[in-house]
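As structure tokens, the structure follows; a few thoughts come after it.
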Amino acid sequence: MAESASYTEKLKRWDRFKAEKFSKKAPVTTPYPFIDIEKPPEYRGIPHINPEKCIGCGACVNACPPDALIMEWDKEHGVKRLTYNAARCIRCARCIEVCPTGAMEPTTRFEVATDNKEDLVEVVEHKLAYCEECGEYLDFTERQIEYVRNILPKDVFDAYALEDRIKLTQEEKMRRTVIKLRETEGNVYPAFMLVRETKDDGGEE
Amino acid sequence: MGRLKSVWVYHVDAGSCNGCDIEVLDVLSPYYDLERLGVKIVPNPRHADVLFITGPLTRQTRIMIRKAYEAMPPKPRIVVAIGTCASSGGIFYNSYALYNTSPQRGRDRLRSGGPEMVVPIDMYIPGCPPSPEEILYGVAQLLGIKEKKMKGEYWIALPPAEEPGRENEIKFRIPDRPIPLRYWLTLREELRRVVGYYDRDAVLNDFIELVGKAYEEAPDNPEEKLHDLITGYFLKEKDSRVKVAMRFLENEFWRLVREYREWGEALREKYPVTAGV
Ligand code: SF4
Ligand code: SF4
Ligand code: SF4
């Protein structure tokens, strides 16, 4: 099939703007597939997840209308995977709008056509945090905890004794609160305030 | 597939919203001129080498698509899916009106759906609708003029303290900014209502740069300094939208600063047990 290859070669070499005859008569047609072009900066190409910033919060999954973004849970191995598939993405940019870390980045990429759908899949795998008490995996990732530590002022963390409770499962948190409530009945301060002071006794049960 | 010469195309609609059909017409217009690549639209699948399918494959169209496919000559019998709908079912993927036999009804890894339920597809051109360049790119790839550029990616996002050991492991990083993260988040959300998501990040980056400068140059009186800096910024900026956004950000920033200070004091007053911990 050497003949057809040369046909393609000919097409590649054909530059409409250099060929004098064409540039006067038909300057209107874009030379696109034979040159490389870029889209304007405001063009909505497929979004891209920046794995450096993503915390795996799933806000984009909730916002995505056609489920191009899906969170896959794997509690046995302690991971959750954020999977993005460009074959489903309608480029509405809602994920970019809601992402709290700026990890969802808009791009102007438009050359996405492919013969294999595997090429369109982008996965970010996150490690889940685990409960210090029972060793069970929590619903959120280590990165999410770190992000919350950065958002909340130190005062709030201390006032609510959050550092002691942030890595517990919901049941464990409730159990501890009930215990403290029983212990401190009639106290003027709410129960969560006192978790910190009585922590040493509480930890041994 | 790089050996195709002049392909004849039959275009069929599998329930599309007509956005993609208009783009296919666009590609045939003089500016994009698909016909210079040897592509010719024919009115009968029996003459066609390539089938262009748009749309998510409704129940009503699935038999028709199958018939059109079978009517094509057995070689080369290429099918091109144009649009997100044709690639995976798109925005309509879980509608009752669609024909989708995939086990998880389109929620699997490859997001199955669309015409691939009844015919094998050789080229996917996602986009809603794909711009004419995207369609040109897909056809050019079919003809061997362009190379494939997309590649699947798999990243492992490491927890904060760990260092990457393998190539696809990525370390966690929160960008360093001169203002606290909670201010940044609030300002970002508020700003979206003023300038929208596209200009938001650029404007906000300019603003926090000025804030950093103000605190650096005049630690005693940053409020006045920031006001001066923003007035200086106005002289260079022509876009009035950006000016409005900057003033808005300035007011919002000082409001936030005061609010957090008050909250802090109220918290300390209310719960003196932990005050100053
Ligand atoms: S919203 Fe942003 S940070 Fe959250 S999971 Fe999506 S990309 Fe990651
Ligand atoms: S741009 Fe829209 S469709 Fe695409 S991933 Fe983001 S939210 Fe989903
Ligand atoms: S991909 Fe978008 S534009 Fe094309 S048919 Fe589907 S909804 Fe319409």
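Worth knowing before you read on, the calculation uses all heavy atoms, side chains too, and leaves out hydrogens, waters and symmetry mates. So you know, we letter chains A, B, ... as the sequences are listed, proteins then strands, and number each from 1.
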B/K171 versus chain A, heavy atoms under 4.5 Å apart: side chain, backbone, both or neither? backbone

Select one option (side chain, backbone, both, neither) describing which atoms of A/N50 are under 4.5 Å from chain B's heavy atoms. neither

Taking the six-membered ring where the residue is Trp, are the ring centres of B/Y260 and B/Y183 under 6.0 Å apart? yes

Taking every non-hydrogen pair under 4.5 Å, which of A/G45, A/P106, A/C89 racks up the most with chain B? A/C89

side-chain hydrogen bond (donor to acceptor under 3.5 Å, both in side chains) partners of residues 92-104 of chain A, not counting sequence neighbours, each pair once: A/E97-B/R192

Applying a strict 4.5 Å limit to non-hydrogen atoms, the region of B/L110 in contact with chain A is both

At a heavy-atom separation under 4.5 Å, does B/W263 approach chain A through its side chain, its backbone, both, or neither? neither

Is B/E35 salt-bridged to B/K40, going by a charged N under 4.0 Å from an acidic O? no

Within residues 135-144 of chain A, which residues come under 4.5 Å of chain B, heavy atom to heavy atom? A/E142, A/R143

Among A/T114, A/I46, A/I151, which residue has the highest count of heavy-atom pairs closer than 4.5 Å to chain B? A/T114

More than 12 heavy atoms of other residues, nucleotides or ligands under 6.0 Å from OH of A/Y130: yes or no? no

State whether a side-chain donor-acceptor pair under 3.5 Å links B/S112 with A/R88. no

Consider only side-chain N and O atoms of A/D115 and B/Y124, and report whether a donor and an acceptor are under 3.5 Å apart. no

